[in-house]
Amino acid sequence: MTDYSTSMRTDRCGDLRVGDVGRTVTLCGWVDRRREHGEHLAFVDLRDRSGVVQLVVDGAHDLRSEFVLRVTGTVRERPADTANDALATGAVEVDAQAVEVLAAAEPPPFPLDERTEVDEVLRLRHRYVDLRRPRLQRNLEVRARVNSAVRGAMEEQGFIEVETPMLVASTPEGARDFVVPSRKEPGSFYALPQSPQIFKQLCMVGGVDRYYQIARCLRDEDLRADRQFEFMQLDAEASFVSQDDVLAFISHAVAAAAEAVTGVRPGEIGRMSWEEAMERYGSDKPDVRFGMELVELTDVFAGTEFRAFQAPCTKGIRVPGGADTSRNRLDDLTERCKRWGAKGLVWMRVTPDGLDSPVAKFLTDDEQAGLRTAMEAEVGDLLLLVADERRTARHILGLLRLELGRPPVTEGGLHFLWVVDFPLFEALDEAGNPIPAHHPFTMPHEDDVHLLDGGDLLAVRSQAYDLVLNGWELGSGSVRIHRREVQERIFSLLGIGPEEAQAKFGFLLDAFRYGAPPHAGFAFGMDRLTAILAGEENIREVIAYPKTQSGADPLTDAPTPIDDRHLEELGLRVLPPAE
Ligand code: ASP
């Protein structure tokens, strides 16, 4: 047990119990609530990080909400009929003998109870008040526990924490860099690291064979519920390892974090190939907490006369009991699919009289029967079909599946999943150059290396893997290319010429001349993991000082303009905003 007594207090408010009855205690904290009790007496709930306890105070007129007090009094048992079971300290109260106001307070800008919905900008502007709420106190504690468990787990496995710089050259994660102008070299800029990727690989060349860091990463991307400009990653890299070793290291770390918060150690984390995830869930971060899997129907309609189904691929999902979906909603879903890139959406209601759908008349009896069998359709279900290129059909149905069936991310327990064998390239750009699916240092899958020379580039698998939790991508990693000639070959495929490669990553390529060990690594988002473990759907709730959705910080008002003298020193001129 931690000793929380200090020169100013003997105990914490939330720790007092019946066993303390009769003791004289000194407490410090904020006035949570006060209730009058007769003319002179008031009940004052005093709050600190540990919780609240009820004080009985004589002549309490000038004690207002959020005043900071130091109170000495005697702990006594509450009369049975006034005990409060909902409160950990509910069986006792403190009969206050001395009350000292350590700081007066203006009325808080919003009520601190958990019932009132408060505008987020207001909360963030007064984050110091917001942080006093039990929910945020608890979330910060969960976060600290996750950090500590992850550190412990990595260190148990022989990883050492190495810090890498914040002012760096551009990093290759594919997002937009935040940049910092150089005063010493006007016109030149540092980038803030999107990840410590290059430095951790250099650590491997430097003989640090198990590196980790809880690293701050910065990416200038649009913000969402699960994304902030700056975020924390558990970043790790190890030498003389295979993919299996890395998966084991990271599995151990996330299991330790989950156990530290929930008390239960999750079981072994299953694996699924990227191809299977796309086929069954239409997503590379499949939410396996619910069914509604994508059903392959291409064969059912192989000889169809129905034009819309004469496509390379037809797939569908079954919405159990969805037949009562309104026409408006179906039109809305169709519109949405079109916006996502589909040519259209075919819907069918399964009724006792057969399939109710605008397209049913174009399908033969065999096709209708084959469809029902393949989809295990029952009366009352809704069937949704997309026919298109395989990529598109999977993508659209994957999104529809989430739209129609996805529970909140915090529900249904913790479902971790490793997705392995990602493709090396995501697509081809306009110039026909492949775009890396991970980053350009990812090792191709051994069995697919031959395809790099004139084969189907989009079919090349990589040794890259993702960790998914309840449909959220927690993180990614890969076995790296450690040989210079392979790295150069990949750069050239990516359309990065020798000069560009040298300019951007020359220091990595150079390092590889001096004996680079085979190595592999991973990074996962601490904010995302913490949010799910804390039962929060938005990572802002587990970050002490987050930015709003638009990237602003209402607390410090960042970002702000800088004065002309400063600009001049940096050799910068600000243009008027573009029309
Ligand atoms: N640097 C990668 C990322 O931030 C993770 C890794 O490959 O280790 O996603």
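Read the numbers this way: they start at 1 and go in the same order the structure lists the ligands and their atoms.
Salt bridge absent: Glu230 and Arg219 never bring a charged side-chain N and a carboxylate O closer than 4.0 Å. Comment: Glu389 does not engage Arg391 in a salt bridge, judged by the lack of any side-chain N to carboxylate O separation of less than 4.0 angstrom. We find that Arg123 and Asp119 are not joined by a salt bridge, their nearest charged nitrogen and carboxylate oxygen being 4.0 Å or further apart. A salt bridge does not link Glu296 with Arg280: none of the charged nitrogens is closer than 4.0 Å to a carboxylate oxygen. Checked for salt-bridge contact, Lys285 and Glu473 miss the test: no charged N lies under 4.0 Å from a carboxylate O. Between Arg461 and Glu275, none of the side-chain N atoms (NZ, or NE/NH1/NH2) sits under 4.0 Å from a carboxylate O, so this pair counts as no salt bridge.
The ligand atoms of ligand 1 that sit less than 4.0 angstrom from a heavy atom of His439 are 6 (C), 7 (O). Less than 4.0 angstrom separates some heavy atom of Phe522 from each of these atoms of ligand 1: 8 (O). For ligand 1, the atoms sitting less than 4.0 Å from at least one non-hydrogen atom of Gly477 are 6 (C), 7 (O), numbered in the order shown with element in parentheses. Near Ser195, meaning under 4.0 Å from any of its heavy atoms, are these atoms of ligand 1: 1 (N), 4 (O).
For the ligand labelled ligand 1, residue Gln194 lies outside the 4.0 Å heavy-atom shell.
Residue Phe159 is tested with Tyr211, Phe249, Tyr212 for a ring pair (Phe, Tyr, Trp, His ring centres under 6.0 Å); the sole match is Phe249.
Across every non-hydrogen atom of Pro196 and Gln213, the tightest pair is CG-NE2, 3.8 Å.
With a heavy-atom cut-off of 4.0 Å, Ala523 touches ligand 1 through backbone and side chain alike. Using a 4.0 Å cut-off between heavy atoms, Gln201 makes no contact with ligand 1 at all. At a heavy-atom cutoff of 4.0 Å, ligand 1 is contacted by the side chain of Arg480 but not by its backbone.
Closest to atom 3 (C) of ligand 1, if we only count protein heavy atoms, is Glu173 OE1, 3.5 Å. Protein heavy atom in closest approach to atom 4 (O) of ligand 1: Arg219 NH2, 2.9 Å. The protein heavy atom nearest to atom 5 (C) of ligand 1 is Ser476 O, 3.2 Å.
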Can Phe422 and Tyr465 be said to form a ring pair (Phe, Tyr, Trp, His ring centres under 6.0 Å), step by step? CA-CA 6 Å; Phe422 267 68; Tyr465 31 87; 8.9 Å; no
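Polar contact check, Lys200 against ligand 1: a nitrogen or oxygen pair lies under 3.5 Å apart. Where the criterion is an N or O separation shorter than 3.5 Å, residue side chain and backbone included, Gln197 meets it with respect to ligand 1.
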